[in-house]
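Below is one structure, written out as structure tokens, with a few remarks after it.
A, B, ... follow the sequence lines: proteins, then strands. Residue 1 opens every chain.
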Amino acid sequence: MAKKESFALERNDERVIIHFDYDCFYAAVFEREDPKLRLLPFAVQQKQIIVTCNYEARRRGLYKLQLVREARHKCPEVIIALGEDLTRFRNASKDNYLFLRCFAWNHKVERLGFDEVFMDVTDMVDYNVDLLNHNALSSSFFHLDRNDPTVGFLFDASCISGHTFPTGSPQAVGLSTSTTASLTPALGKLYLRLLLGSHIAQFLRHQLEEHKSYTCTVGVSTTKLMSKLVGNLNKPRGQTTLVPPYEWSLDTGESNVTRFLDAHDIGKVPGIGFKTAQKIRQYVLGRPAAFHAGLVYGSTKEQVSVGEVRLSPGMKAEVLERLLISPGTPKDLGSKIWCLINGIDNTEDSYIKLDVMTAVKRELTLLTCSLIKRMRLDLMVDAEDDTAFGDEVPSSEVLNTSKRWSAHPRILRLTTRPRPPRNPDGSRPRMFNRTSKSCTMPSIIFSHKQNIESIAEQVVNSSLLPLFRQLHPEESGWDLSLVNLCAANMAFAGTDSKAGAGRDIGRMFRRQDDVLREWKVGDADLAILRPSDLTKNASQISEPEQPRNRDIGSSRHGSEDMDRSTQDSGVADDVWNSEAETAELGQACPVCGAHMPPFAVAAHQRFHSLPE
DNA sequence: CATTTCCGCCCG
DNA sequence: CGGGCGGA
């Protein structure tokens with residue numbers, strides 16, 4: 001049995017991130033359509049402003065966000081294109097993005113605006129680190145395909161590709177020399193990983209130039225924050241890698257992260273906008289920070305460096321939090337910014353989270369399928385027939401078109417329960433700390449045209465995933481002991497021409513509850529959903545509640561824990577699991593012992609509870 | 001409790 | 001300026 005597949009929980013998450021920034025993107029889009037422009041001073045105009053211009057134009061004194069009048073005066077021969085229609089830029093951006101994404105092994109590639117891309121190449125790097133031949137680093141081969149060892153490129157693994165910060169780092173020396181030994185193992189490993197990152201970055205840059213005719217500037221580091229910032233050091237058409245040490249230590253002294261970051265103006269840090277920066281400046285200076293209104297865009301501010309902020313007396317997350325709270329500001333903005341100015345970018349967690357999300361999505365989809373089946377069994381009636389439940393249990397969930405809904409649940413609710421922390425004796429406390437979120441039942445769920453799977457997929461995407469995110473906005477380490485889906489707040493369709501119909505149905509439900517209550521498995525920690533093992537299907541049971549405003553169907557689902565031996569060895573666990581494993585094959589009715597599909601049990605039991 | 005609307009802020 | 005996001 002695999003021991004440690006719990007990737008999401010292990011904090012070996014020093015990622016390798018590449019940030020791409022296309023050089024003067026809008027201008028480059030036009031240049032690609034008309035290469036003659038490359039040699040001429042060329043600018044793109046929106047309204048009365050030069051939004052960007054090529055480097056030929058910059059050589060003649062033009063710059064971004066300059067007034068068109070001024071630009072024309074300074075450089076009369078400039079060629080200007082109108083760039084107010086964004087579609088060509090949008091398309092080019094998307095095209096480049098898709099191109100880059102083809103190289104990624106995972107889907108951790110994202111666009112920021114039209115002209116920036118982040119790519120998490122951690123998996124590629126780690127794969128290739130293991131395959132390096134340390135005796136022949138300078139003639140290494142970078143594998144781009146795990147399945148085809150011939151796909152890749154040659155590179156020199158004895159040095160970083162492109163520029164570094166700080167400049168003249170071990171790069172010149174190379175790894176095969178004695179300096180390698182002086183590097184601590186951890187430092188050396190990170191160095192090697194970033195080195196490989198720099199080579200894949202170099203490769204991708206050239207691919208982009210060759211196949212798409214776009215040059216770009218890239219940064220390589222372990223976070224989006226740092227890779228984006230460090231890339232700025234060498235533009236255009238350059239790349240910069242932020243080399244270790246990333247941690248402060250006795251022999252290496254200050255970390256290169258803070259050394260680099262501290263020199264920036266506080267307002268230059270992505271995520272710290274003008275307002276926030278001004279407040280922080282004011283705090284550090286002890287007086288309002290001066291800023292002279294600029295000509296066109298922004299303004300020249302009194303600069304306060306990240307280092308001054310970070311090292312200002314008593315500075316910490318709480319201080320920033322208090323400083324920045326005002327109506328409409330995000331919750332923990334203070335700690336966010338404290339992290340940022342210390343070079344920590346929490347968004348990297350979201351990459352890991354993505355992996356887990358796909359598993360969660362699978363689970364939710366299975367749950368939804370179960371729920372739909374149950375809803376159809378319990379709530380669909382023959383179009384001509386007003387009675388909700390016949391004498392026979394339907395033999396199949398397949399529905400013909402002569403059925404209609406007798407009632408509509410109006411609310412869809414997702415409930416989860418985190419696994420409570422373990423007691424000293426290894427057992428788990430029984431807690432009822434469930435959390436739930438609900439939304440209006442998406443109408444698609446009542447469709448009887450589409451098949452159940454496609455409906456489920458839509459419901460998951462449109463409703464359940466958003467709910468899940470609300471329930472678990474925290475970082476990746478979900479360890480859930482229960483996931484439950486239910487349809488609630490019944491609305492009966494019949495404009496009760498028969499006055500007693502509603503009451504009869506209500507009574508029926510109550511009787512059903514009585515039966516189900518007996519049948520129901522105890523409320524122990526049963527279903528298990530863990531990021532490390534989300535594949536196995538468990539079961540579904542119904543969960544009766546109050547007669548009025550009650551939930552009609554409820555479908556519970558979880559996955560079997562890998563490490564079951566360390567769990568409660570209670571009987572309930574075993575009962576549950578045996579039921580769980582046979583769930584898809586069939587279940588026995590606890591009253592009469594008849595065998596049937598699990599989703600039919602509830603309806604079948606209702607049959608038992610019908611009035612004589 | 002969910003939904004709708006608006007505002008502040010950040011970004012390119 | 002236009003879009004996106006989060007909070008009230």
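For A:Lys275, the NZ atom counts as loosely surrounded, since its 6.0 Å shell holds 12 or fewer non-hydrogen atoms of other residues, nucleotides or ligands.
Distances from the side chain of A:Lys275 to the nucleotides C:dG7, B:dC9, B:dG12 place B:dC9 closest. For A:Cys439, the side-chain atoms get nearest to B:dT3 when compared with the rest of C:dG7, B:dT3, B:dG12.
Contact detail for A:Gln45 and A:Lys47: the closest heavy-atom pair is NE2-O, 2.9 Å.
Regarding contacts with the backbone of B:dT3, a side-chain N or O of A:Thr440 is found under 4.0 angstrom from either OP1 or OP2. Between A:Ser438 and B:dA2, a side-chain N or O to OP1/OP2 separation shorter than 4.0 Å is present.
Distance A:Lys336 NZ to C:dG7 C1': 13 Å, rounded to the nearest Å. Residue A:Leu333 contributes atom CG, which lies 16 Å from atom P of B:dG8 at whole-angstrom precision. Between the CZ atom of A:Arg111 and the C1' atom of C:dG4 there is a distance of 13 Å, rounded to whole Å. Following rounding to the nearest Å, A:Arg90 (CZ) and C:dG3 (C1') show an atom-to-atom distance of 10 Å. Rounded to an integer number of Å, the gap from A:Leu229 CG to B:dG12 C1' is 15 Å. Atom CD in A:Glu110 sits roughly 15 Å away from atom C1' in B:dG12 (whole-Å rounding). Distance CD1 (A:Ile325) to P (B:dG8): 18 Å, rounded to an integer number of Å. One atom, NZ of A:Lys47, and another, C1' of C:dG2, lie 9 Å apart when rounded to the nearest Å.
A:Ile272 comes within 4.0 angstrom of sugar-phosphate atoms only, judged by non-hydrogen atoms across all strands, and of no base. Across all strands shown, A:Glu116 has heavy atoms under 4.0 Å from sugar-phosphate atoms exclusively, and none from any base. A:Lys228 comes within 4.0 angstrom of sugar-phosphate atoms only, judged by non-hydrogen atoms across all strands, and of no base. Within the nucleic acid shown, A:Leu86 has no heavy atom closer than 4.0 Å to any nucleic acid atom.
Salt bridge absent: A:Glu210 and A:Arg205 never bring a charged side-chain N and a carboxylate O closer than 4.0 Å.
Using bins of under 30°, 30° to 60° and over 60° for the plane-to-plane angle, the ring pair A:Phe30/A:Phe42 lands in the perpendicular bin.
Checked by atom type and distance alone, the side chain of A:Glu321 pairs as donor or acceptor with a backbone atom of A:Gly334 at under 3.5 Å.
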